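Structure, as C-alpha cells:
Atoms within each ligand, like the ligands themselves, are counted from 1 in listed order. The model shown is predicted, which means the values in this text are computed figures rather than measured ones.
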Amino acid sequence: MQGKHGGFSASVNAMYDKAVALMDLGPGLAEKIRVCNATYTVRFGVRLRGEIHTFTGYRSVHSEHMEPVKGGIRYAMAVDQDEVEALASLMTYKCALVETPFGGSKGGLRIDPTKWEADELERITRRFAYELIKRDMINPAQNVPAPDMGTGEREMAWIQDQYQRMNTTDINGRACVTGKPLNAGGIAGRIEATGRGVQYALREFFRHPEDIAEAGLSGTLEGKRVVVQGLGNVGFHAASFLEREDGAKICGIIERDGAIWSDAGLAVDEVHMHMREHGGVKGFPGATFDENGAALLEAECDILIPAALESVIHEGNAARIKAPLIIEAANGPITSAANEILQKRGCIIIPDLYANAGGVTVSYFEWVKNLSHIRFGRMQRRAEEARHQLLVDELERLSKARDVPWTLSDDFKRNYLRGAGELELVRSGLDDTMRAAYGAMREVWRQRDDVPDLRTAGFIVAISRIAASYTAKGL
Ligand code: NAD
C-alpha cells in the first residue's frame with residue numbers, strides 16, 4: 001500500500017516524470033519543480049480527559065512559485081510526511097492546471113476524529129493552528145488551508161478564529177483559510193464544490209463524442225451505471241448531483257463498513273441519511289450488502305468514482321477493474337503501476353489533478369471574496385434584474401399595442417428576471433474553470449501522438465505553466 005514507505009509520493013513523481021520525459025525543460029528545472037520545498041512537523045500536547053495527549057501534525061509546502069500556497073488539512077490516522085508531501089505536490093499541479101494563482105501545500109494531523117468530542121477537537125485544532133500560525137504557515141498572504149478528509153467548515157471556523165485572535169489588526173484575516181461557514185466569511189457553494197466539479201468534469205467529458213467513444217461508451221450521462229467509493233463530502237455531492245440532475249444510476253456505493261448495490265439505482269440522499277443514522281451503509285433497504293466493500297470496485301459499471309482515499313486501485317486489483325471510465329474524485333486513488341495496467345486495457349481515466357479541482361477553485365473565489373470584503377453579486381444583482389424587467393415590460397407592451405397573440409410564460413419571466421446571486425456566480429465560475437481546464441488538457445492529449453492519456457496531458461499543461469512562472473522570475 002502507498003501512504004507508507006514513500007509510496008504515494010513515488011507514485012505521483014512517477015506520473016510527473018512520465019510527463020516531463022515528453023517535455024523540453026531546461027537543465028535542472030524538472031527536478032526543481034518536482035521536489036517538495038519544505039515540510040514542517042509539529043508535535044504538541046493537549047491536556048484532555050485528565051492527561052496530556054501528544055499529537056503529530058504536518059504542513060508541507062511543495063512550491064512557492066505563486067503565493068499564497070494552498071491546500072487542505074486532513075485529519076486521519078494514516079497521515080504521515082510522505083502523504084502530505086504527495087498531496088502538496090498534487091496541489092501545485094492542480095492549481096496550475098485550473099489557473100488558480102497559488103502554489104501547492106497540504107497539511108495533516110494524525111488523529112482519528114471520531115474518537116474525540118467536539119469540544120476536545122476544538123482544543124486540538126486551535127492548538128495545531130496556533131503552532132502553524134505563529135510560523136506563518138497559516139496566513140492570508142502566504143499559506144491558506146482548506147478542508148480535506150476528516151475536516152470541514154467547523155474546523156475551518158476554529159482555525160480562522162484562532163488566526164484572528166492572534167492577528168487582531170489584520171484586516172484580511174478572514175482570508176487565512178477557506179471552506180469556512182457562510183457566517184464566518186465563507187462562500188455559497190463551497191461545501192458542494194468538489195463534488196459539483198466532478199459533475200461538471202463528467203458533463204464536459206460527455207460533450208466530446210470522440211472521447212466518449214474512446215472509453216467504449218455512447219450517449220449522455222443519462223442512465224449510466226455508476227459506482228462511488230466514499231460517500232463523504234466529495235462522493236456524496238458528486239453522486240447526488242449526477243443522480244438528480246443528470247439521470248445517472250448510482251448502482252453501487254462503497255463505504256467503510258462494506259458496499260451496497262442495486263441494479264435499479266440507489267437514492268443517494270436516502271443512503272446518506274441512512275449512514276448518518278446507522279454509521280454505515282449496511283441495512284439500507286432494497287439493496288444487497290457485501291462486507292468486502294473493495295470488491296465492488298471491480299463491478300460491471302460504466303463509470304467508477306473513487307472518492308475516499310489514495311491507492312485503492314493498485315497492482316493487485318487493476319486488471320480486474322471493469323469500468324471503462326474512471327474519474328478520480330479522491331486524490332491519488334490509482335497508483336502509478338495500476339495506471340499503466342488500466343491504460344493498456346484502454347480504460348479512460350479523468351485524473352485527480354483535474355477532476356477534484358472544484359474545491360480549490362471555489363476556495364479561490366472565497367479567498368478573493370474575503371480580500372474584497374464584499375459578497376459576489378451584491379452590487380450588480382438588482383441592476384441586472386431592473387434591466388431584464390425593462391426588456392420584459394417592453395416586449396409585453398409591444399405585444400399588447402400590436403395585438404400580437406403571445407405572452408411570455410411565467411416560468412420564463414421568473415428565470416429571466418432573477419439576477420445572479422453568489423451561488424449562481426460561483427457555479428458559473430466553477431463550470432467555466434472545469435471546461436477551460438479540460439479543453440487545455442484535451443488539446444495536448446489529442447494533438448500529440450506521444451501523449452498517451454489525459455493525466456500525462458494534464459501534467460504537461462501544469463508543468464509548462466509552472467516552468468513559465470519560474471523562468472519569468474529568472475530562475
Ligand atoms: P470525507 O472525510 O468527507 O469523506 C471520505 C469518505 O470516505 C467518508 O464517508 C468515509 O467513511 C469514506 N471512507 C473512508 N475510508 C474508506 C474505505 N476504506 N472504503 C470506503 N470508504 C471509505 O473526505 P472528503 O473531503 O470527501 O475527501 C475525499 C477525497 O477527496 C480525499 O482524497 C480528498 O483528498 C479529496 N479531495 C477533497 C476535497 C474537499 O474539498 N473536501 C477537495 C479535493 C480533493
Ala329 heavy atom under 4.0 Å from ligand 1:
yes
Say whether Arg74 and ligand 1 are in contact under the criterion: heavy-atom distance to a ligand atom below 4.0 Å.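 Yes, that is the case, since the closest heavy atom of the residue is under 4.0 Å from the ligand.
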His53 ring center within less than 6.0 Å of Trp116 ring center: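 Yes: the rings meet the under 6.0 Å criterion.
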Short N or O distance, Gly150 and ligand 1, threshold 3.5 Å exclusive: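 N/O-N/O distance below 3.5 Å exists for this pair.
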- Message: List the residues meeting salt bridge (charged side-chain N to carboxylate O under 4.0 Å, His left out) with Glu120, not counting sequence neighbours, and say none if there are none.
- Response: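 For Glu120 the salt bridge (charged side-chain N to carboxylate O under 4.0 Å, His left out) partners, ignoring immediate neighbours, are Arg49.
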Of the listed options ([options]), which comes nearest to [atom] when hydrogens are ignored and any heavy atom counts?
atom                    : options                       : answer
atom 5 (C) of ligand 1  : Gly197, Gly232, Gly179, Ala78 : Gly232
atom 12 (C) of ligand 1 : Glu83, Glu255, Arg256         : Glu255
atom 34 (O) of ligand 1 : Asp148, Thr194, Val228        : Asp148

Got Val69 and Phe102 here, is their nearest side-chain heavy-atom distance under 4.5 Å? no
[Y] and [X] side chains, donor-acceptor separation under 3.5 Å:
X      : Y      : result
Asn339 : Ser336 : no
Asp82  : Tyr58  : no
Ser63  : Tyr470 : yes
Asn356 : Thr194 : no
Arg244 : Ser240 : yes

Per-atom filter on ligand 1: closer than 4.0 angstrom to a heavy atom of Ala308 are 7 (O), 13 (N), 21 (N), 22 (C), 28 (C), 29 (C), 31 (C), 32 (O)
The atoms of ligand 1 lying under 4.0 Å from a heavy atom of Asn356, numbered in the order shown, are 43 (C), 44 (C)
Location of contacts on [X] toward ligand 1, heavy atoms closer than 4.0 Å:
X      : result
Leu231 : backbone
Ala307 : backbone
His272 : neither

query: Quick one: nearest non-hydrogen protein atom to atom 16 (C) of ligand 1, plus distance?
result: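 In this structure, atom 16 (C) of ligand 1 has Leu309 CD2, 3.7 Å as its nearest protein heavy atom.
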Requested in this report: Could you tell me the residue and atom name of the protein heavy atom closest to atom 27 (O) of ligand 1, and the distance to it rounded to 0.1 Å?
Outcome: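 The answer is Val234 CG2, 4.0 Å.
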Next on the checklist: Against the six-membered ring of Phe241, is Arg196 placed for a cation-pi contact (under 6.0 Å from the centre, within 45° of the normal)?
Outcome noted: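 Output yes; distance and angle both within limits.
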